[in-house]
Amino acid sequence: MRSTRVLIAAAVVAVAVIVPQPAFAAVSGAGWSGSWEYTGGTSIQVKLDVPGARLVANGWDAVGTRAFVLNVTDTAADGKCAYVKWTAAATTEHWSCGSGTTVQVSGLPASTGAVTAVLCRDSTAHDSKTNCNVIDVPSSYTDAFIRTEGNGARWKYYDGYDGEDWGAWITIGGVHLDYFGWDDTPAGQRLIRSWLTLLEPACGSGAILAATPASSLSHCSDYDLIDNLPETHVTGTAWGNGCTWSQRGLNPPVHCIKVRVPVPS
């Protein structure tokens, strides 16, 4: 029997038919997720979750110079703390201890560079970090298109409709990249299937990096288009890459976003 995934994007409905997967072990990454998104031309939000800890960072982008306020929350009554390592203009570390406690961090230096955030659980002595989750936010200083409202990347573990353990999504202009992963399929590897969707006249490309076999495609279209990237496997962290450029004119600028899905620990 074949199953059907319904992909809905910007009022466009496309149906992709894939072969269902066999039963899998319990998802080890329940409660793990990450995202960043431009919620306006000058505003950006970053989120990270692991069981027992959460980071929400709200940022303001002034033509590529960004400043953030961090909210670090300990969400579990287990005698541990939420820990954040924030790398932008400099690297700083922050903790929140006590179930339901949120520590707000402001006054961080503004930065024109990329941002990397790491969220972990930690001991109250701050010497035993576990369950670490990470997200990368590209710089918009040299590419104003990155600041387009709606642009971003996200991923999460969830109980998938077709049995997948997790999904990851890149939105960059009218180009969408959707990645779906089955962990430990086969043992020690991650099976990944993915789609490229063009929602406006444009060119787009997608790739799964460090994949075996190689998995990438590129298309230009005046119309909505759904295409499958070749099915592939990765070991460890999964990296997806999506790009877009205009199909008009010569040597148009190319805009790219990456997303990585770590292996929960």
Side-chain angles (χ1 to χ4, degrees), residues 9-10 33-49 54-72 84-94 103-119 133-155 168-179 196-207 209 218 237 239-262:
S33 66
S35 67
W36 67 267
E37 181 184 10
Y38 272 87
T39 56
T42 59
S43 57
I44 181 174
Q45 187 172 73
V46 179
K47 295 181 180 179
L48 275 175
D49 284 281
R54 188 168 208 225
L55 167 68
V56 178
N58 294 301
W60 294 265
D61 192 323
V63 196
T65 300
R66 297 186 297 214
F68 285 87
V69 172
L70 314 185
N71 293 279
V72 185
V84 167
K85 180 179 180 181
W86 183 264
T87 302
T91 296
T92 58
E93 296 179 298
H94 313 278
V103 171
Q104 188 172 90
V105 182
S106 58
L108 294 170
S111 172
T112 60
V115 169
T116 298
V118 180
L119 174 69
N133 189 0
V134 62
I135 196 164
D136 314 278
V137 185
S139 171
S140 72
Y141 188 70
T142 59
D143 188 355
F145 186 78
I146 295 294
R147 297 192 293 273
T148 302
E149 183 174 356
N151 275 0
R154 61 187 178 94
W155 67 270
W169 302 268
I170 292 173
T171 301
I172 181 164
V175 175
H176 292 193
L177 279 295
D178 303 332
Y179 303 88
L196 165 66
T197 308
L198 279 73
L199 300 174
E200 61 184 27
C203 297
S205 67
L209 309 181
S218 181
T237 297
W239 284 93
N241 185 59
C243 298
T244 186
W245 62 97
S246 173
Q247 59 180 317
R248 309 285 188 255
L250 298 174
N251 300 317
V254 178
H255 316 283
C256 297
I257 290 175
K258 288 184 181 179
V259 62
R260 62 170 159 173
V261 182

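Positions are given from 1 along the sequence.
- Under the 4.5 Å side-chain criterion, counting only non-hydrogen atoms from C-beta, Trp36 is in contact with Pro138.
- Salt-bridge check for Asp136 with Lys258: failed, with every basic side-chain N at 4.0 Å or more from each acidic carboxylate O.
- Lys47 places none of its side-chain heavy atoms less than 4.5 Å from the side chain of Glu37.
- Note that the CG atom of Asp61 and the OG atom of Ser43 stand 9.0 Å from one another [nearest 0.5 Å].
- Here the CD atom belonging to Glu93 is positioned 9.0 Å from the OG1 atom belonging to Thr87, to the nearest 0.5 angstrom.
- A heavy-atom distance below 4.5 Å is not found between the side chains of Thr148 and His255.
- The CD1 atom of Ile44 lies 9.5 Å from the CD1 atom of Ile146; values are rounded to the nearest 0.5 Å.
- The shortest distance between side-chain heavy atoms of Glu200 and Thr244 does not fall below 4.5 Å.
- Side-chain atoms of Asn133 do not come within 3.5 Å of backbone N or O of Pro262 as any donor-acceptor pair.
- Considering every non-hydrogen atom in both Arg154 and Val259, the closest pair reads O-CG2, 4.4 Å.
- The shortest heavy-atom contact between Ala114 and Arg66 is CA-NH2, 4.1 Å.
- The two residues Ile257 and Ala153 make their nearest non-hydrogen contact at CG2-CB, 4.1 Å.
- The CZ atom of Arg54 lies 10.0 Å from the CG atom of Leu119; values are rounded to the nearest 0.5 Å.
- For the pair Val46/Val115, no side-chain contact is recorded, criterion being any heavy-atom separation below 4.5 Å from C-beta on.
- Looking at every heavy atom in both residues, Thr65 comes nearest to Ala110 through CG2-CB, 3.8 Å.
- Thr171 is not listed as a side-chain neighbour of Trp169, based on a closest heavy-atom distance of 4.5 Å or more.
- A donor-acceptor pair under 3.5 Å is formed between the side chain of Asn151 and the backbone N or O of Gly173.
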Query raised in the report: After noting the C-alpha distance and the side-chain angles of Ser111 and Tyr141, does the key distance pass the side chain to side chain contact (heavy atoms under 4.5 Å, CB included) rule?
Result: CA-CA 9 Å; Ser111 172; Tyr141 188 70; over 6 Å; no
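- The shortest non-hydrogen separation linking Val254 to Cys243 is CG1-CB, 3.9 Å.
- Two residues are said to be in side-chain contact when any heavy atoms from C-beta on lie closer than 4.5 Å; Trp86 and Val105 fail this criterion.
- With values rounded to the nearest 0.5 angstrom, Trp245 atom CH2 is found 8.0 Å from Cys256 atom SG.
- Between Thr112 and Ser139, the shortest heavy-atom distance links the atoms O-OG, 2.5 Å.
- When side chains are defined from C-beta on, Asn71 counts as touching Asn58, because their heavy atoms get closer than 4.5 Å.
- In this structure, Leu70 CG and Leu108 CG are separated by 5.0 Å, a value rounded to the nearest 0.5 Å.
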